[in-house]
A.B. asks: 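Before anything else, here's the structure in question.
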Amino acid sequence: MLDCKKIRKMFPIYQNYPDLVYLDSGATSLKPQCVLDKMNEYYTQYGVNIHRGVYRLSYQATEAYDQARQIVADFIHAHFNEIVFTKNVTEALNKICQMYQKKLKENDEIITCELEHHSSVLPWMKACEEKNMKLVYIPLNDEGRVTVDQFKKIITHQSKVLVITYVSNVMGYITPLKEMIQLAHQHHMIVIVDAAQAVSHLPIDVKDLDCDFLAFSGHKMLGPTGIGVLYGKKELLKTLDPIDYGGDMNEEVDLYHVDIKDIPFRFEAGTPMIAEAIGLKEAIHLLQSIGLDQIRQHELEILEYAKEKLSQIPNVTVYNKTSDIGILSFNVNGVHPHDAATFFDEANICLRAGHHCAQLITKWLHCIGTLRATFYIYNTKEDVDKMIEVVQEVVSFFHQFEVK
Ligand code: PLP
């Protein structure tokens, strides 16, 4: 187990809110002081624009921003010019959909699955509508997992893109990505991975996975809000036209022609998220110093403890008994998750209630939504005990009139 007492000291919110039980890191992680300090250092000591100024402070800011890109690249085993900064994973996934769909035509098939977050599937739903392409879903197995076998069965000559989540934000299942990517490539498809829920729990090696594009947000991995990452293989990125045009993405501009910069700068028009990139760099340092393997081990231990405790309470349904990361989705039978959530809030417990922007899977589960507790580095078994107490309270309140 990680030393949570020590870890909590790094997160100022616990000093300001000592009773906080934060079980919503799947939505966004808490922010450590070191990340805030680095961002503040930029704003107070060299807070000027990058790539433009011909003076020392601007060089310093440019260097810090470039370093951030290199640290992100190293973190996922990519090259510097394969990392495009965006405002979040949603923007990254939309951008790649808008850019890549220009290569597609009527009747092409986009393969995905019902575990997706809306941000990976909705852009392609719209693209399919507009270009008369087909969205095809890989049938999930009884547990709600995506499998290589089912994927294999639905591939046709028209299949062109696989867009898939690395880890489900509702079920916590890890997708068997490597085998699926190999299969997709044998059929000349490209693969776009939504790694929003993976990046803070699993080491990611894009070269080993061999995915074509991969995206994530900084704010779920101890970094600030307002920064996301789109990774793309450089030979593919070079074939794409930018969506946004404007300052800093061009070399030479004439009256009727613009020469755009090389990758990745051509995809980052305008002043980028400088402080946020610097904050993300610091978050990666912290994640690396704690160790992703240790992080996963810690959260799985908490998860097991929570599952065991929940299993002892009648009238509770757990939807993901075999979750691969610290995500637990459950409901008190017959109680709307929003109604239950008010009880948790009263006890200073932050957990998520609803469809988690992944309505396809809650529909697959035949529920309106779930209660979702996500466990991370600062969570303890005491947090779970407090959550369990409230679950018991909700069960007693809503089931008190039941005839035994
Ligand atoms: N994809 C997954 C799997 C997610 O869990 C989330 C957020 O919860 C997103 C995408 C969207 O993230 P953001 O709001 O940072 O763009």
Side-chain angles (χ1 to χ4, degrees), residues 22-31 35 72 76 84-98 112-126 137-138 140 144-146 162-175 177 180 191-202 204 209 211 213-231 243 273 276-277 279-280 283 299 319-320 323-329 337 350-362 364-365 369-376:
Y22 190 71
L23 303 178
D24 201 16
S25 298
T28 195
S29 68
L30 299 178
K31 313 302 170 210
V35 166
V72 171
I76 60 167
V84 178
F85 283 128
T86 60
K87 75 169 189 267
N88 51 33
V89 63
T90 302
E91 187 183 56
L93 291 166
N94 272 275
K95 249 190 179 170
I96 196 60
C97 174
Q98 284 171 42
T112 188
C113 78
E114 286 154 281
L115 286 166
E116 296 307 306
H117 188 278
H118 295 161
S119 60
S120 59
V121 73
L122 295 191
W124 287 102
M125 204 179 272
K126 187 76 188 143
Y137 290 92
I138 307 167
L140 302 178
R145 284 179 186 268
V146 71
L162 170 66
V163 56
I164 194 94
T165 189
Y166 198 161
V167 175
S168 154
N169 68 323
V170 177
M171 306 299 266
Y173 296 154
I174 299 177
T175 305
L177 264 192
M180 289 177 74
V191 182
I192 301 167
V193 178
D194 172 359
Q197 293 291 342
V199 70
S200 49
H201 308 276
L202 309 175
I204 293 181
L209 283 174
C211 54
F213 300 98
L214 180 138
F216 54 91
S217 284
H219 68 90
K220 292 185 198 287
M221 50 186 290
L222 308 180
T225 54
I227 183 110
V229 171
L230 172 64
Y231 156 81
I243 302 289
M273 308 62 114
E276 289 77 6
L280 178 58
E299 65 189 65
Y319 297 100
N320 60 340
S323 177
D324 300 314
I325 65 161
I327 292 184
L328 188 59
S329 276
C350 305
L351 51 65
R352 188 88 186 262
H355 56 57
H356 320 299
C357 303
Q359 263 178 300
L360 300 180
I361 192 61
T362 51
W364 186 91
L365 290 167
T370 74
L371 293 164
R372 185 190 70 177
T374 43
F375 308 117
Y376 208 41

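As the structure lists them, so they are numbered: ligands from 1, and atoms in each ligand from 1.
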A.B. asks: Scan side-chain atoms only and decide if H219 and T28 contain a donor-acceptor pair under the 3.5 Å cut-off.
C.D. replies: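 There is such a pair between these side chains.
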A.B. asks: Hey, does the side chain of S217 reach the backbone of V89 with a donor-acceptor pair shorter than 3.5 angstrom?
C.D. replies: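 Yes; at least one donor-acceptor contact below 3.5 Å.
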A.B. asks: Report each N/O pair between ligand 1 and the protein that falls under 3.5 Å, naming both atoms.
C.D. replies:
residue, atom, partner, partner atom, Å
ligand 1, 1 (N), D194, OD1, 3.3
ligand 1, 1 (N), D194, OD2, 2.6
ligand 1, 5 (O), Q197, NE2, 2.7
ligand 1, 8 (O), K220, NZ, 2.6
ligand 1, 15 (O), S217, OG, 2.6
ligand 1, 15 (O), H219, NE2, 2.6
ligand 1, 16 (O), T90, N, 3.0
ligand 1, 16 (O), T90, OG1, 2.4

A.B. asks: Could you list the residues that satisfy salt bridge (charged side-chain N to carboxylate O under 4.0 Å, His left out) with K87, not counting sequence neighbours?
C.D. replies: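 If we apply the salt bridge (charged side-chain N to carboxylate O under 4.0 Å, His left out) test to K87, skipping adjacent residues, there are no hits.
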A.B. asks: For A277, enumerate each residue passing the side-chain contact (heavy atoms from CB on, under 4.5 Å) test, keeping only those at least two apart in sequence or located in another chain.
C.D. replies: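 A277: side-chain contact (heavy atoms from CB on, under 4.5 Å) contacts with Y65, A68, F85, I227.
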A.B. asks: Listed by chain and number, what are the side-chain hydrogen bond (donor to acceptor under 3.5 Å, both in side chains) partners of T374, not counting sequence neighbours?
C.D. replies: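 Listed in chain order: nothing, the list is empty.
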A.B. asks: Just by distance, do the side chain of T112 and the backbone of V163 share a donor-acceptor pair under 3.5 Å?
C.D. replies: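 Yes: the side chain of T112 pairs with the backbone of V163.
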